[in-house]
Amino acid sequence: MQKIENYINGELIAPSSGNYIDNIEPATGKIYSLVPESNDKDLETAIVAAEAAKETWANTSLEKRAEILSKLADLIDENAEELAKAEAIDNGKAVTFAKAVDVYRSSANIRFFAQAGTQFASESHAMGNLAINYTLRDPIGIVGCISPWNFPLYLFTWKIAPALACGNVVIAKPSEVTPMTAYLFSKLCIEAGLPAGVLNILHGTGPSIGAPITTHPKIKAISFTGGSSTGAHITKATAGMFKKLSLELGGKNPTLVFADCDFKETVNEVVRAAFSNQGQICLCGSRIYIERPIYEKFKAAFVSQVNSLRIGDPLDEQTQHGATVSKSHMEKVLSYIELAKEEGGTILTGGKRAKVQGRCQDGFFIEPTVIEGLNNQCRTNQEEIFGPVCTLMPFDNETEAVTLANGTQYGLASSVWTNDLKRAHRVAKNIEAGIVWINCWLLRDLRTPFGGVKSSGVGREGGLEAMRFFTEPKNVCIKY
Ligand code: NAD
């Protein structure tokens with residue numbers, strides 16, 4: 001059985017406790033590797049390594065840092081096939097999706113921030129003839145990066161790349177549910193010549209190693225992506241410690257389809273928005289509001305398109321819809337489908353565990369599920385399900401659509417489908433979300449602010465926002 005190792009001080013090492021947890025392949029339900037159960041002791045070893053590397057990395061030239069990061073991005077591209085396969089096995093996602101989205105974006109993230117580091121400028125404020133202010137933006141020191149399982153390498157690199165580009169040293173924790181690509185990545189770090197201690201990757205569960213990272217006094221900033229309840233927990237655990245916190249949390253994203261949309265393209269894209277990665281994307285549009293005159297027509301076309309999604313072995317290149325990430329997650333999603341029925345919903349398609357023959361017969365597959373007949377206030381429409389489940393609801397006018405869209409505690413992303421330019425601008429302005437896509441979904445420019453409002457998070461990632469988060473501004477005021 002393959003044992004994943006921690007990456008500390010430039011070396012791959014076993015956890016100090018000698019304890020491991022099972023790593024299960026979601027498509028088969030079988031244990032296929034072991035994950036270190038790291039603890040405070042491993043964290044202390046990593047902190048010592050990070051402390052020793054801190055000053056040198058902060059003083060390494062921007063060009064040199066960019067060179068090492070670019071080499072890492074190149075190595076990801078060179079190993080794209082292996083990484084995509086590893087992601088498909090570890091997470092259950094379709095291998096073609098893993099290659100086109102996860103692996104592609106992982107190297108893009110690193111390449112983007114390698115360049116951003118060399119372009120990042122700080123501010124200057126002149127006070128007439130009196131004085132000039134300039135702002136230094138220094139690395140923070142040791143920062144913690146904690147990431148979830150839905151885009152294991154993609155979201156991992158989305159955090160560590162800006163942190164490293166800004167000259168910080170990093171203690172990172174990937175999800176214990178999908179640790180494999182972070183482990184393969186640590187080997188690429190060694191190959192790329194990343195100096196020892198600059199990045200340390202500790203594997204294990206939230207309680208065993210995530211929580212100690214968030215509360216360690218030497219870790220001055222935490223960049224976290226995960227569930228809103230974990231985000232709330234981290235906020236409480238770090239209260240009074242004066243750490244910088246960036247929290248990218250859950251979503252329950254609305255999709256607003258107006259009658260004047262480009263019908264065919266909208267159906268295609270709204271299906272993609274609901275079911276990509278088995279609905280396990282924080283940005284997935286799971287509440288779909290449709291203007292009443294086209295409701296029935298849209299419903300029929302939407303359900304027909306959903307029924308054409310190919311469910312199967314994630315390693316089969318024809319597969320579009322793979323397994324959900326774990327047994328417990330599958331059971332949670334299935335329990336929400338039962339809840340939707342109890343709440344009066346009608347299942348239009350899907351609604352149960354999917355059976356895939358052969359090596360995947362015990363896998364955690366769920367049929368893409370579409371539900372109608374629910375009101376906006378029911379739990380199915382209020383709570384994040386994070387699986388292949390969406391609801392359809394009609395609306396009568398723009399005001400109602402916006403009210404429905406804003407009617408949850410979340411505010412991460414949204415999409416609006418219309419050919420009325422004025423309405424598009426109005427709705428975009430009035431939606432409570434960090435991201436509004438008009439006539440598109442998941443079209444990403446890495447320079448734009450990324451994150452949510454309300455229970456979907458605090459702070460923004462992406463572009464300059466990330467560079468600002470991972471640096472400490474110091475203003476210097478000089479009197480003439
Ligand atoms: P999770 O909150 O359970 O875990 C996320 C990470 O936090 C994991 O590495 C986990 O081990 C760690 N963790 C758990 N408890 C911890 C603690 N007490 N202290 C420190 N770390 C702890 O989330 P998940 O189930 O892995 O991911 C799914 C969630 O992530 C969904 O809610 C989804 O919407 C959200 N998500 C948000 C974004 C975004 O950008 N807003 C992106 C992807 C996923």
Side-chain angles (χ1 to χ4, degrees), residues 21 23 26 35-40 43 90-91 93 101-102 105 109 144-159 171-179 182 201-216 219 222-238 241 243 245-253 276-286 324-326 328-330 332-333 383-387 408-413 433-435 442 444 448-462 465-466:
I21 46 180
N23 190 23
V35 194
E37 180 69 312
S38 309
N39 60 27
D40 318 43
L43 177 58
D90 214 26
N91 173 281
K93 64 179 71 200
V101 181
D102 295 69
R105 250 301 288 280
N109 286 341
C145 295
I146 300 178
S147 48
W149 50 255
N150 63 326
F151 282 115
L153 189 60
Y154 165 146
L155 289 173
F156 188 75
T157 52
W158 182 233
K159 296 185 178 302
I171 311 278
K173 190 197 101 58
S175 170
E176 67 278 20
V177 184
T178 52
I201 303 176
L202 300 176
H203 294 273
T205 62
S208 75
I209 189 64
I213 289 174
T214 58
T215 52
H216 197 288
I219 299 182
I222 302 290
S223 174
F224 170 82
T225 299
S228 297
S229 58
T230 315
H233 182 88
I234 291 172
T235 310
K236 286 181 207 145
T238 57
M241 299 182 89
K243 289 175 193 267
L245 285 186
S246 166
L247 302 173
E248 299 295 337
L249 310 176
K252 185 77 179 173
N253 309 302
S276 286
N277 208 36
Q278 294 71 247
Q280 301 167 129
I281 306 181
C282 55
L283 309 164
C284 274
S286 56
T324 42
V325 77
S326 65
S328 61
H329 190 60
M330 174 185 71
K332 177 190 143 185
V333 175
E383 297 175 15
E384 186 186 43
I385 299 175
F386 212 56
T408 73
Q409 62 167 316
Y410 295 104
L412 185 54
I435 301 162
L442 206 57
R444 293 278 295 120
T448 59
F450 179 89
V453 298
K454 295 154 72 177
S455 299
S456 291
V458 178
R460 293 291 182 278
E461 297 186 311
E465 301 282 343

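Each ligand, and each atom within it, is numbered from 1 in the order the structure gives.
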Fill in the blank from the handout: Under 4.0 Å from one or more heavy atoms of Asn150, ligand 1 contributes atoms 43 (C), 44 (C)
Handout entry: Atom indices of ligand 1 within 4.0 angstrom of Thr225 heavy atoms, with elements
Key = 5 (C), 36 (N), 37 (C), 38 (C), 39 (C), 40 (O), 42 (C), 43 (C), 44 (C)
Exercise for the section: May I ask you to identify the nearest protein heavy atom to atom 13 (N) of ligand 1, giving residue, atom name and distance to one decimal place in Å? Expected result: Gly206 CA, 3.5 Å
Problem - ligand 1 to Leu249 polar contact by distance, N or O atoms, under 3.5 Å - result: yes
Completion exercise
When distances are taken from atom 39 (C) of ligand 1, the protein heavy atom at minimum range is Cys282 SG, 3.3 Å
Handout entry: 4.5 Å side-chain heavy-atom contact, Gln280 and Phe386
Key = yes
Exercise for the section: Pull out every atom of ligand 1 sitting under 4.0 Å from any heavy atom of His233, numbered as shown with elements. Expected result: 18 (N)
Exercise for the section: Report yes if some heavy atom in the side chain of Phe151 is under 4.5 Å from a heavy atom in the side chain of Trp158; otherwise report no. Expected result: no
Handout entry: Short side-chain donor-acceptor distance under 3.5 Å, Asn277 and Asn150
Key = no
Practice task
Output the list of atoms in ligand 1 that are nearer than 4.0 Å to some heavy atom of Phe450, sorted by atom number.
Solution key: 40 (O)
Practice task
Please indicate whether any nitrogen or oxygen in Ser228 is less than 3.5 Å from any nitrogen or oxygen in ligand 1.
Solution key: no
Problem - Nearest-neighbour protein heavy atom for atom 35 (C) of ligand 1, which is reported as residue plus atom name and distance - result: Gly226 O, 3.2 Å
Handout entry: Criterion side-chain contact (heavy atoms from CB on, under 4.5 Å) on Ile201 and Phe156, from CA distance to verdict
Key = CA-CA 10 Å; Ile201 303 176; Phe156 188 75; 3.7 Å; yes
Practice task
Would you mind running through ligand 1 and noting each atom that sits below 4.0 Å from a heavy atom of Leu155?
Solution key: 42 (C), 43 (C)
Practice task
Mark up the atoms of ligand 1 that fall under 4.0 Å of a heavy atom belonging to Gly227, in ascending order.
Solution key: 1 (P), 2 (O), 23 (O), 29 (C), 30 (O), 32 (O)
Practice task
Give the atoms of ligand 1, by number and element, whose distance to some non-hydrogen atom of Trp149 is under 4.0 Å.
Solution key: 24 (P), 25 (O), 26 (O), 27 (O)
Problem - atom 2 (O) of ligand 1 [closest protein heavy-atom partner, distance rounded to 0.1 Å] - result: Thr230 OG1, 2.6 Å
Exercise for the section: Flag the pair Asp102 / Leu153 as yes when at least one side-chain heavy-atom distance between them is below 4.5 Å, and no otherwise. Expected result: no
Handout entry: Ser456 N/O under 3.5 Å from ligand 1 N/O
Key = no
Handout entry: Heavy-atom side-chain contact between Ser286 and Ile385 under 4.5 Å
Key = no
Problem - Protein non-hydrogen atom found under 4.0 Å from atom 4 (O) of ligand 1 - result: no
Handout entry: Atoms of ligand 1, numbered as shown, that sit under 4.0 Å from any heavy atom of Pro174
Key = 9 (O)
Exercise for the section: Tell me which protein heavy atom sits closest to atom 7 (O) of ligand 1, plus the residue, atom name and distance to 0.1 Å. Expected result: Phe224 CE1, 3.1 Å
Handout entry: Min side-chain heavy-atom separation His329-Trp149 under 4.5 Å
Key = yes
Practice task
Give the residue and atom name of whichever protein heavy atom lies nearest to atom 28 (C) of ligand 1, and the separation in Å to one decimal.
Solution key: Phe386 CE2, 3.6 Å
Handout entry: Nearest-contact summary for atom 20 (C) of ligand 1 - protein heavy atom, Å
Key = Gly210 C, 3.2 Å
Completion exercise
atom 8 (C) of ligand 1: closest protein heavy atom, distance to 0.1 Å, is Ser147 O, 3.4 Å
